[in-house]
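Shown next, in structure tokens, is the structure this report addresses.
The model shown is predicted, which means the values in this text are computed figures rather than measured ones.
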2 protein chains.
Amino acid sequence: MTSTEPGHAPAAVPAPPPSEAPAEVPDPARAGMRPTKQRRAVAVALAREDAFASAQQIHERLSREGEQVGLATVYRTLSALADAGEVDMMRTEGGEAIYRSCSPTHHHHLVCRSCGRTVEVEGPAVERWTTAIAEQHGYAEVSHTLEIFGTCPECR
Amino acid sequence: MTSTEPGHAPAAVPAPPPSEAPAEVPDPARAGMRPTKQRRAVAVALAREDAFASAQQIHERLSREGEQVGLATVYRTLSALADAGEVDMMRTEGGEAIYRSCSPTHHHHLVCRSCGRTVEVEGPAVERWTTAIAEQHGYAEVSHTLEIFGTCPECR
DNA sequence: GCCGGATTGACAACGATTCTCAGATATCTG
DNA sequence: CAGATATCTGAGAATCGTTGTCAATCCGGC
């Protein structure tokens with residue numbers, strides 16, 4: 001679960017977030033896709049990212065690390081993983097699609113609008129509220145999107 | 001970008017019960033822009049729409065009705081009105097920007113994923129929750145986005 | 001009416017994403 | 001393990017929404 005973050009980290013580095021998140025690696029196979037070398041590379045790269053990343057960023061990172069994966073493949077893989085629910089996708093204010101490897105349970109994100117550091121949060125009450133409101137207006141098959149933005153402690 | 005609205009003066013008329021009331025026409029002047037014929041045309045067209053509409057749709061509609069307004073102007077106008085808070089903007093799943101003339105108070109949308117029919121909804125509890133969660137994690141200057149999707153009564 | 005800055009519109013330019021298609025691979029079958 | 005076959009990949013072209021460019025035009029104040 002999402003533990004309360006240690007209020008104030010010691011020597012904090014403001015700019016680039018320390019990429020060292022032990023997130024679980026998305027599994028192409030679990031998404032019904034052939035687990036090829038490229039797809040695995042994308043999955044691993046995404047798992048190492050602790051903030052949302054765009055297809056281009058993942059591609060760039062892979063290239064920098066020597067992994068040769070075509071940009072189109074990165075796009076296809078991320079999109080497929082997202083469709084399969086293996087990763088979460090959201091859009092930047094500019095409309096760009098960004099992805100992140102997350103826990104499989106339903107949750108929302110608290111994102112730092114400066115460095116992108118993300119915390120997964122849950123709100124059962126909100127879930128209930130959205131469903132209730134929707135049904136109250138006669139809407140069925142309810143779903144919703146909810147993101148919270150703010151400036152994280154390190155970026156202030 | 002519709003962010004958390006700061007406390008409003010107690011005077012004003014309390015927002016009417018969330019229903020499909022005819023939206024008021026966005027005012028370019030109020031947004032600090034010259035009220036030209038084209039801008040007014042865009043504003044009126046948007047006000048007549050009872051669902052979110054894209055720049056292209058507005059442009060097409062205007063053309064169909066004889067109003068000659070350049071596509072670039074439609075884009076510029078909608079974008080400016082959105083920045084000024086005169087209209088609400090959100091993104092389709094495909095990343096396309098869509099706009100709608102809404103009440104000026106902070107609210108969220110319940111959108112029919114089939115016909116686009118939209119209902120404005122309010123949830124004070126949700127507002128409080130997002131702020132609380134964010135601060136609990138040390139995030140400041142909190143804002144959020146929340147949309148509810150479903151199939152409306154007419155589309156079932 | 002006249003002037004200068006704001007606005008417009010046709011079209012080029014852009015960036016993100018998708019498509020195309022030949023060649024490389026993974027998986028299955030025997 | 002070999003062969004057949006469906007899937008996947010990659011490079012570049014093609015899309016698509018959106019923004020930039022810039023001369024012509026318009027709006028509002030004087």
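- Put simply, Gln38(A) has a side-chain N or O that comes within less than 4.0 Å of OP1 or OP2 on dG10(D).
- With hydrogens and angles left out, the side-chain atoms of Gln56(B) and Tyr75(B) include a donor and acceptor closer than 3.5 Å.
- The phosphate of dC26(D) has neither OP1 nor OP2 within less than 4.0 Å of any side-chain N or O from Thr36(B).
- Distances shorter than 4.0 Å separate some side-chain N or O of Tyr75(A) from OP1 or OP2 on dT17(C).
- Rounded to whole Å, atom P of dT18(C) lies 12 Å from atom CD of Glu93(B).
- In terms of phosphate contacts, Arg39(A) brings no side-chain nitrogen or oxygen within less than 4.0 Å of OP1 or OP2 of dA26(C).
- Between Ala72(A) and Gly95(B), the residue whose closest nucleotide on DNA chain D is further toward the 5' end is Ala72(A).
- Summarising the geometry, the separation between NE2 on His59(B) and C1' on dA10(C) is reported as 11 Å, rounded to the nearest angstrom.
- Remark: the Glu141(B) side chain and the Thr151(A) side chain contain an N/O donor-acceptor pair separated by less than 3.5 Å.
- In this structure, Arg34(A) does not reach the dT25(C) phosphate: none of its side-chain N or O atoms is under 4.0 Å from OP1 or OP2.
- Rounded to a whole Å, the CG atom of Leu62(A) is 14 Å from the C1' atom of dG10(D).
- Between the C1' atom of dT8(C) and the CG atom of Leu78(B) lies a distance of 15 Å, rounded to the nearest Å.
- Nearest heavy-atom pair across Cys152(B) and Cys112(B) is N-SG, 3.4 Å.
- Where Lys37(B) and Glu96(B) meet DNA chain D, the nucleotide closest to each residue was compared, and Glu96(B) sits on the side nearer the 5' end.
- For dG17(D), neither phosphate oxygen OP1 nor OP2 lies less than 4.0 angstrom from any side-chain nitrogen or oxygen of Arg91(B).
- Applying the 3.5 Å distance criterion, the base of dG10(D) shares a donor-acceptor pair with the side chain of Arg76(A).
- At whole-Å resolution of the value, CD1 in Ile98(B) and C1' in dG17(D) are 13 Å apart.
- Between the side chains of His59(B) and Glu67(B), no donor N or O sits under 3.5 Å from an acceptor N or O.
- The phosphate of dG15(C) has neither OP1 nor OP2 within less than 4.0 Å of any side-chain N or O from Gln56(A).
- The interatomic distance linking Met33(B) (CE) with dG28(D) (P) rounds to 13 Å, in whole Å.
- Distance CD (Glu60(B)) to P (dT18(D)): 14 Å, rounded to an integer number of Å.
- Spacing between atom CE of Met89(A) and atom C1' of dA16(C) amounts to 12 Å, rounded to whole angstrom units.
- No close placement of the His109(B) and His144(A) rings is indicated, their centers lying 6.0 Å or farther apart.
- Taking side-chain N and O atoms only, Ser79(B) has no distance below 4.0 Å to OP1 or OP2 of dT18(D).
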